[in-house]
Amino acid sequence: MAIRVHPTAEVSPQATVGDGTQVWHWVQIREGARIGKDCRIGKDAYIDADVVLGDRCKVQNFATIYKGVTIGNRVFVGPHACFTNDLYPRADSTDWEIVPTQVEDGASIGANATILCGITIGRSAMVAAGAVVTKDVPPHAMVAGVPARVVGWVCDCGRPLDAKGWCVHDRKTVELPSRKARRVGATDRKRKQ
């Protein structure tokens with residue numbers, strides 16, 4: 001299937017866009033960006049230089065994905081979501097360096113979420129709308145708040161899991177981190193605060 005690029009979009013000739021991808025109004029895709037197959041890039045989204053976006057992703061309107069971000073397959077990036085790439089931002093800094101961020105396959109980033117750089121969002125994790133993610137997110141975790149904290153667990157389908165990892169919708173069990181591992185993570189957070 002052919003690539004569809006709206007006439008108002010600006011796609012660098014040095015970017016790679018996979019078959020079947022749709023790029024909508026006023027999108028900017030910079031040089032070196034690699035967009036996978038069958039993606040949908042919504043109105044006014046910004047994809048910076050050298051960003052990697054896997055196959056079958058959906059990037060909603062006004063999302064900003066800056067250099068240093070690598071996104072896996074089947075990832076949802078909600079409207080106005082923002083990825084950062086600098087730990088010490090200053091307008092006049094000459095020595096800043098890009099800090100990479102990784103989003104694994106099947107994860108979802110909610111509307112208006114902010115993802116600080118240098119973290120990994122695990123496979124099939126879900127970041128709630130408005131969350132500010134400052135630490136790694138485990139696979140299948142649901143995080144919410146400012147700063148984001150684990151508030152539950154989700155299936156590959158995105159629906160909540162019970163305490164044993166069972167999804168009523170998909171009728172399957174997902175292996176969750178051990179209770180001890182969950183407590184260690186909570187203890188580490190308390191120590192760092």
Side-chain angles (χ1 to χ4, degrees), residues 27-28 40-48 51-54 57-72 74-93 96-163 165 167 174 176-193:
V27 169
Q28 184 177 12
R40 286 177 280 166
I41 314 296
K43 180 181 181 295
D44 284 296
Y46 176 77
I47 299 175
D48 202 4
V51 164
V52 176
L53 188 68
C57 291
K58 185 173 187 181
V59 177
Q60 293 285 69
N61 300 358
F62 296 96
T64 53
I65 306 172
Y66 290 102
K67 188 173 187 170
V69 177
T70 300
I71 294 176
R74 304 176 324 281
V75 171
F76 174 87
V77 178
H80 294 272
C82 180
F83 288 83
T84 68
N85 67 359
D86 186 358
L87 288 174
Y88 308 104
R90 291 289 188 213
D92 59 354
S93 177
W96 74 282
E97 58 185 70
I98 292 168
V99 180
T101 298
Q102 177 80 34
V103 181
E104 295 179 350
D105 294 349
S108 292
I109 313 297
N112 291 303
T114 300
I115 313 301
L116 298 189
C117 55
I119 64 167
T120 297
I121 297 175
R123 188 178 75 76
S124 297
M126 177 137 349
V127 174
V132 177
V133 182
T134 60
K135 295 182 179 7
D136 288 352
V137 177
H140 294 281
M142 160 65 101
V143 298
V146 180
R149 302 237 189 270
V150 175
V151 296
W153 302 91
V154 295
C155 182
D156 291 330
C157 71
R159 290 174 176 83
L161 297 169
D162 69 13
C167 177
V174 173
L176 299 177
S178 70
R179 290 186 190 275
K180 182 179 179 183
R182 290 185 225 175
R183 281 195 303 273
V184 169
T187 304
D188 288 346
R189 281 194 299 273
K190 287 178 187 173
R191 268 190 236 135
K192 289 179 182 177
Q193 290 177 346

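What you see is a predicted model, and the numbers here were worked out from it, not measured in a lab.
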Which heavy atom of [X] sits nearest a heavy atom of [Y], and at what distance?
{"X": "G165", "Y": "L161", "value": "O-CD2, 3.4 Å"}
{"X": "A131", "Y": "A144", "value": "CB-CA, 4.2 Å"}
{"X": "T134", "Y": "P147", "value": "OG1-CB, 3.8 Å"}
{"X": "G130", "Y": "V146", "value": "O-CG2, 3.9 Å"}
{"X": "R74", "Y": "D105", "value": "NH2-CB, 3.8 Å"}
{"X": "N112", "Y": "H80", "value": "OD1-CB, 3.1 Å"}

(request) Starting from the C-alpha separation in whole Å, work towards a yes-or-no answer on side-chain contact (heavy atoms from CB on, under 4.5 Å) for H140 and D156. (result) CA-CA 7 Å; H140 294 281; D156 291 330; 3.0 Å; yes

Could you measure the distance from the [atom1] atom of [X] to the [atom2] atom of [Y]? Nearest 0.5 Å is fine.
{"X": "D136", "Y": "T101", "atom1": "CG", "atom2": "OG1", "result": "9.5 Å"}
{"X": "I47", "Y": "I65", "atom1": "CD1", "atom2": "CD1", "result": "5.0 Å"}
{"X": "I115", "Y": "N85", "atom1": "CD1", "atom2": "CG", "result": "13.5 Å"}

(request) Give me the one residue out of T120, V75, I121 that meets side chain to side chain contact (heavy atoms under 4.5 Å, CB included) with E104. (result)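 Only one option passes, and that is T120.
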
(request) Determine the sole option in D44, I41, V59 for which the side chain to side chain contact (heavy atoms under 4.5 Å, CB included) test with V27 is passed. (result) I41

Beyond-backbone contact of [X] with [Y], side-chain heavy atoms, under 4.5 angstrom:
{"X": "F83", "Y": "V103", "value": "yes"}
{"X": "M126", "Y": "V137", "value": "no"}
{"X": "S124", "Y": "V154", "value": "no"}

(request) Verify, without hydrogens or angle tests, whether N61 (side chain) and K43 (backbone) share a donor-acceptor contact under 3.5 angstrom. (result) yes

(request) Answer yes or no: is there a donor N or O on one side and an acceptor on the other, between the side chain of T84 and the main chain of C117, under 3.5 Å? (result)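 Checked: pair present.
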
(message) Check the orientation of Y46 and Y66. Use parallel for under 30°, tilted for 30 to 60°, and perpendicular for over 60°.
(response) tilted

